[in-house]
Amino acid sequence: MITKDSKIAEVIEKYPDTVEVFVEAGFHCMGCAMAALETIEDGCKVHGIDVDEFVEKLNKKIKKD
């Protein structure tokens with residue numbers, strides 16, 4: 001399960017299908033060095049996204065696939 005404390009890079013590595021969700025939300029630097037350090041919550045703050053809704057979308061994506 002993905003949480004707001006999950007690291008962006010770890011989520012993408014473990015669940016590659018989530019890239020689509022990140023891109024749709026405006027996360028375009030998933031391969032940058034910060035992705036390895038930033039949590040989902042950190043990224044959502046930077047992009048002005050509600051973290052709870054975003055985590056829900058990510059978890060729905062991994063359950064579909």
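Listed here is the closest heavy atom pair of Ala36 and Ala9: CA-CB, 3.7 Å. Between Cys44 and Val51, the closest heavy-atom pair is SG-CA, 3.9 Å.
Remark: Phe22 CZ to Ile12 CD1 distance equals 5.0 Å, nearest 0.5 Å. To the nearest 0.5 angstrom, Ile62 atom CD1 is 8.0 Å from Thr18 atom OG1.
Residues Val21 and Phe54 have side chains in contact (heavy-atom distance under 4.5 Å, counting atoms from C-beta outward). No side-chain heavy atom of Ile40 sits under 4.5 Å from any side-chain heavy atom of Asp5. Side-chain contact between Val23 and His28 is present, with at least one heavy-atom pair separated by less than 4.5 Å.
Under the 4.5 Å side-chain heavy-atom criterion for ILVMFWY residues, a single connected hydrophobic cluster contains both Val19 and Val55.
Within 6.0 Å of NZ on Lys7 lie more than 12 heavy atoms contributed by other residues, nucleotides or ligands.
For the side-chain contact (heavy atoms from CB on, under 4.5 Å) test, residues two or more places apart in sequence or in another chain that qualify with Asp52 are Asp50. Listed by chain and residue number, Lys60 satisfy the side-chain hydrogen bond (donor to acceptor under 3.5 Å, both in side chains) test with Glu56 (two or more places apart in sequence, or in another chain). With sequence neighbours left out, Glu24 forms a side-chain contact (heavy atoms from CB on, under 4.5 Å) with Glu20. With sequence neighbours left out, Tyr15 forms a ring-ring contact (aromatic ring centres under 6.0 Å, His included) with no residue at all.
Among residues at least two apart or in separate chains, side-chain hydrogen bond (donor to acceptor under 3.5 Å, both in side chains) pairs with a member in residues 33-43 are Thr39-Asp42.
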